[in-house]
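Values reported hereafter were calculated over all heavy atoms of this structure, with side chains retained and with hydrogens, waters and symmetry mates removed.
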Amino acid sequence: MTATAPEELFAAVDVARAPADGPAAFGGDLAPGTLLAAYRHGLFPLPAADAYASAFNEVRYEEAVETGRIALLPGSGHADPYALAWWSPDPRPVLAPDGVRLGSKLSRLLRNRLDWSTTADAAFEQVLAACAEGREPPWLTRDLREALTALHRLGAAHSVEVWEAGELVGGVFGIAAGPVLSLDSMFHRRPDAARVAVADLAARFAAAGGRLLDAQWDSPHVRSLGAAPQPRDRYLAALAAGTGPGAAPVAPLDTARLPAVRLAPAKPRPPWPPGHRHGHRPAASADRG
């Protein structure tokens, strides 16, 4: 397999015509190059949790594979192709890096009570493990976690950690493909710590030159963060423009420990009404005598 094979592999998948609510392809492998090429083409992996789940994939989607609506990719020898699905939902929920909503209550807590700090890429494997805890179906399999860790070492997978008195209380991780960052999963051990992690990752990514966050699956939760559904063809066009020849590179993420309160700046006070002196009530109107 040549160095360009992963790109050629997914270039052959017609993602724009893939099912809106089903896999775009089955098969392939989780090598770092394959994984990164998938994200660059608007796809993300969803491994089957076990042999039963793989068999279910085959039964449910076999006809679509036979008719070519879902691609079947060459894999690694004896591997069961239905054990690894590649998805690209339509529509795609996306956020501008400056569009993550904290909400007024959480903002007040950060300014007045919560002494949280954040880091980036400081505890990637811990964030992965926490995101995998208790998830059903358990899509963050051991093989996928190993592949994501390898991608992290290459600088393409990132995490943000939220800390309280030295304890990891929340986090998020995702994969960067040029100026687009795909959010894979998040967790919290304190209320709203995952929301703070997403806002922090968005701020760091924006500072590095990032332009778009992809939340992958539409849901009330991601909409509460500020995500809005975007037609998949528009998402794919933005991704292609950001990763194609001549695209401006994104700088490395700032990994410094930073106070979370910076994400909730104090609101400026409204100006006093004309003629009003601070500490004094305005004079009564002549019309109200």
Between Arg92 and the options Asp214, Asp218, Asp233, the salt bridge (charged side-chain N to carboxylate O under 4.0 Å, His left out) test singles out Asp214
Stepwise, does the side-chain contact (heavy atoms from CB on, under 4.5 Å) test hold for His158 with Phe124?
CA-CA 7 Å; His158 299 286; Phe124 184 84; 5.8 Å; no
Heavy atoms from other residues, nucleotides or ligands near CG of Asp115 exceed 12 (cutoff 6.0 Å)
no
Measure the shortest side-chain to side-chain distance between Gln216 and Pro93 over non-hydrogen atoms and say whether it is less than 4.5 angstrom.
no
Examine Val261 and Leu258 and state if one hydrophobic cluster contains both, with Ile, Leu, Val, Met, Phe, Trp and Tyr joined whenever side-chain heavy atoms are less than 4.5 Å apart.
no
Looking at NE2 of His41 and OG1 of Thr243, how far apart are the two atoms once the value is rounded to the nearest 0.5 Å?
7.5 Å
Which other residues end up in the same hydrophobic cluster as Leu253, if Ile, Leu, Val, Met, Phe, Trp and Tyr are linked when side-chain heavy atoms come under 4.5 Å apart?
Leu95, Val100, Val160, Val172, Leu181, Leu183, Met186, Val198, Leu201, Phe205, Leu213, Leu225, Val250
Please test Thr119 against Trp163 for side chain to side chain donor-acceptor pair (under 3.5 Å), starting from the C-alpha separation and ending with a verdict.
CA-CA 8 Å; Thr119 53; Trp163 304 93; 2.8 Å; yes
With the side chain counted from C-beta on, respond yes when Ser159 and Gln126 share a heavy-atom pair under 4.5 Å apart, and no when they do not.
no
What distance separates Asp200 CG from Glu161 CD, expressed to the nearest 0.5 Å?
9.0 Å
Does one side chain, of Ser117 or Arg257, offer a donor that lies under 3.5 Å from an acceptor on the other?
yes
Shortest non-hydrogen pair, Thr141 vs Ala48, comes out as CG2-O, 4.1 Å
What distance separates Asp29 CG from Thr34 OG1, expressed to the nearest 0.5 Å?
3.5 Å
I'd like to know if Leu84 and Trp217 are part of one continuous hydrophobic network [Ile/Leu/Val/Met/Phe/Trp/Tyr, side-chain heavy atoms within less than 4.5 Å].
yes
Over 60° means perpendicular and under 30° means parallel, so classify the ring planes of Trp87 and Tyr61, tilted if in between.
perpendicular
On a heavy-atom basis, the closest approach of Pro179 and Gly209 is CB-O, 4.2 Å
Got a second to check how far Arg195's CZ is from Arg101's CZ, nearest 0.5 Å?
9.0 Å
For Val169, the other hydrophobic cluster members (4.5 Å side-chain criterion, sorted by chain and number) are Leu102, Leu106, Leu109, Leu110, Leu114, Trp116, Val162, Val196, Leu263
Minimal heavy-atom distance between Pro252 and Ala208, with the atoms involved, is O-CB, 4.0 Å
How about Arg17: does its CZ atom have over 12 heavy atoms from other parts shown lying under 6.0 Å from it?
no
Roughly how far, to the nearest 0.5 Å, is the CG atom of Asp254 from the CZ atom of Arg204?
5.5 Å
To check you understand the geometry: which heavy-atom pair defines the closest contact between Ala53 and Ala49, and what is its length?
CB-N, 3.9 Å
Heavy-atom side-chain proximity of Pro138 to Arg135 below 4.5 angstrom:
no
Taking the side chain as C-beta and beyond, is there a heavy-atom pair between Pro89 and Asp21 under 4.5 Å?
no
Please tell me whether Trp139 and Val127 are part of a single hydrophobic cluster in this structure, the criterion being side-chain heavy atoms less than 4.5 Å apart.
yes
Identified side-chain contact (heavy atoms from CB on, under 4.5 Å) partner of Glu146 from the options Asp143, Leu148, Leu144:
Asp143
To the nearest 0.5 angstrom, please state how far the CG atom of Leu239 sits from the CZ atom of Arg234.
14.0 Å
Presence of salt bridge, Glu167 and Arg190, under 4.0 angstrom
yes
Decide yes or no for Gln230 and Pro91: does some side-chain heavy atom of the first lie under 4.5 Å from some side-chain heavy atom of the second?
no
Heavy-atom pair of closest approach, residues Trp86 and Gly27:
NE1-O, 2.8 Å
Side chain proximity check, Phe10 to Leu73, heavy atoms < 4.5 angstrom:
yes
Working for side chain to side chain donor-acceptor pair (under 3.5 Å), residues Asp80 and Ser54:
CA-CA 8 Å; Asp80 174 9; Ser54 177; 2.3 Å; yes
For residues Tyr39 and Phe44, establish whether the separation of their ring centroids is below 6.0 Å.
no
Hydrophobic cluster membership, Leu236 vs Ile70, 4.5 Å side-chain cutoff:
yes
So, for Arg232 and Ser88, which heavy atoms are closest and what is the spacing to 0.1 Å?
NH1-O, 2.6 Å
Within the 4.5 Å heavy-atom criterion, are Leu212 and Pro97 side-chain neighbours or not?
no
Taking CZ in Arg69 as the centre, count heavy atoms belonging to other residues, nucleotides or ligands within less than 6.0 Å. Is the count above 12?
no
Taking C-beta and beyond as the side chain, do Phe187 and Leu168 meet within less than 4.5 Å on heavy atoms?
yes
